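Here is the structure we will look at.
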2 protein chains.
Amino acid sequence: MKSDHPKADHPTREKILRATKDLLWERGFDAMSPRDVMARSGAGQGSLYHHFAGKLDLACVALAEMAAEEKASIESIFAPEKPPLQRIEDYLARERDALRGCRMARLANEMAMAEPEFRLSIADFLQRIEDFLALALREARRSGAIAADADDRALAALFLSAVEGGFVLARAHWDPERMTRALDGARQVLNVLRK
Amino acid sequence: MKSDHPKADHPTREKILRATKDLLWERGFDAMSPRDVMARSGAGQGSLYHHFAGKLDLACVALAEMAAEEKASIESIFAPEKPPLQRIEDYLARERDALRGCRMARLANEMAMAEPEFRLSIADFLQRIEDFLALALREARRSGAIAADADDRALAALFLSAVEGGFVLARAHWDPERMTRALDGARQVLNVLRK
DNA sequence: GTCTATAGGGGGATAGAC
DNA sequence: GTCTATCCCCCTATAGAC
């Protein structure tokens, strides 16, 4: 694909990517058309297909950039100098737009999910969080903050699911409070584990 | 809408609905076209638009039928004669096609979600499950099977989120095992609560 | 009730001039 | 590199005959 080639920072290319990231967040992959991208970026069709092989390629590159942007935020939440359980609480308390869904995982329902190229950035993003959660649980367990027989990986998956599932519930009921409730459940589990 | 009117069991209408339910499950709302419905049902365009006001109306009616079909299965899982925690375990252990997503909540990411008519069947379906979970937790709490200070509603939302979030993780990683892991976390919580 | 024909728009992508 | 013109297909819906 063209996007794999040496890519000098062409301003037009950047504008196209900026518009794509915005549209991906606002509408998702299926509902975003190359025409929309052209309109928002001000770039012409020629530029778009010169810099990218097609819609899927464009989305993959944009998605990878979105993931990179999220990375810093996640790493700050899970800063290793913080007490392990504090990291988890901070992750649960992270500000979210419950009705819009997760910036990355929101796209997990698109048809393009069958394409490995499309899936990768999303999977990596979720994996990173799950790893941070599992690490925090392990540290908490080893320091005696929670029960010694806790299953780090299963609980990490549960906490991540609580967040991602919370988005689903909030959207289905069209009520951000549903996300809050799911997170309250996760916090309660954290408290029970502490005892 | 036409579909609100007295609807004798017209065989053609039934065929159209059958095809719509199948396509809604296989492809989702956006990716399903009236043409697809016609092709699969064998009905012509005239029939489709005679019985339904349009694509959205058709999907709403089909969705309501899907919800009704799921209802029996859910009620059997949460049969009141079973021990409360057993009901929850049975719900977690329910057979699922992790890579395809939840029959109902899968559609929560569609654009049509903004339409209250479309949203209702999905929200009701999830609410029913959450209520059953909360009731089971309350009974378990009152009978002393779990801690007396457990928050039924928050934990019910958590368990439901574990399932719905598990679907998201499984799809993002394109690996059914991810769902299993999230459910293992939920089961572990159940065990911790039991202590 | 059901059919076929047709409309009007947007989808993703390519061609070729500049 | 970027532009405009153009292609062909599918979308949802309506019209009007039978």
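Keep in mind the model is a prediction, meaning the values are calculated, not measured. Note on naming: letters A, B, ... go to the chains in the order of the sequence lines (proteins, then strands), and numbering restarts at 1 for each one.
- Within the hydrophobic cluster formed by Ile, Leu, Val, Met, Phe, Trp and Tyr side chains joined at under 4.5 Å, directly or through other members, A:Met111 stands alone, with no partner residue.
- Taking every heavy atom of both residues into account, A:Ser161 and B:Gly166 meet most closely at OG-N, 3.7 Å.
- Reading DNA chain D from its 5' end, the first and the last nucleotide to sit under 4.0 Å from a heavy atom of chain A are D:dG1 to D:dA5.
- Take the nearest nucleotide of DNA chain D for B:Asp36 and for A:Pro11: the residue whose nucleotide is more 5' is A:Pro11.
- Listed for the B:Arg178 side chain is no donor-acceptor partner under 3.5 Å among the backbone atoms of B:Leu169.
- Heavy atoms from other residues, nucleotides or ligands lying under 6.0 Å from CD of B:Glu95 number 12 at most.
- Over its full length, the helix from C:dG1-D:dC18 to C:dC18-D:dG1 turns its helical axis through 10°, comparing axes from the five pairs at each end and rounding to 10°.
- For A:Ile16 against A:Ala43, the heavy-atom pair with the smallest separation is CG1-CB, 3.7 Å.
- Across B:Ala150 and B:Arg141, no two heavy atoms sit closer than the pair O-CD, 3.4 Å.
- Between the side chain of B:Arg40 and the backbone N or O of B:Ala19 there is no donor-acceptor pair closer than 3.5 Å.
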Please list, pair by pair, any protein nitrogen or oxygen found under 3.5 Å from a nitrogen or oxygen in nucleotides 12-15 of chain C.
residue: C:dG12; atom: OP1; partner: A:Lys55; partner atom: NZ; Å: 2.7
residue: C:dG12; atom: OP2; partner: A:Pro34; partner atom: N; Å: 3.2
residue: C:dG12; atom: N7; partner: A:Arg35; partner atom: NH1; Å: 3.3
residue: C:dG12; atom: O6; partner: A:Arg35; partner atom: NH1; Å: 3.1
residue: C:dA13; atom: OP2; partner: A:Tyr49; partner atom: OH; Å: 3.1
residue: C:dA13; atom: OP2; partner: A:Lys55; partner atom: N; Å: 3.0
residue: C:dA13; atom: N7; partner: A:Gln45; partner atom: NE2; Å: 2.8
residue: C:dA13; atom: N6; partner: A:Gln45; partner atom: OE1; Å: 3.4
residue: C:dA13; atom: N6; partner: A:Gln45; partner atom: NE2; Å: 2.9

Scan the side chains in residues 68-76 of chain B for donor-acceptor partners under 3.5 Å anywhere in the protein, sequence neighbours excluded, and list what turns up.
residue: B:Glu69; atom: OE2; partner: B:Lys21; partner atom: NZ; Å: 2.8
residue: B:Glu70; atom: OE1; partner: B:Arg94; partner atom: NH2; Å: 3.1
residue: B:Ser73; atom: OG; partner: B:Arg94; partner atom: NH2; Å: 2.8

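- The two residues B:Arg106 and A:Asn109 make their nearest non-hydrogen contact at O-ND2, 3.2 Å.
- Residue pairs that meet the ring pair (Phe, Tyr, Trp, His ring centres under 6.0 Å) test with at least one member in residues 71-106 of chain A, sequence neighbours left out, are A:Phe78-A:Tyr91, A:Phe78-A:Phe132.
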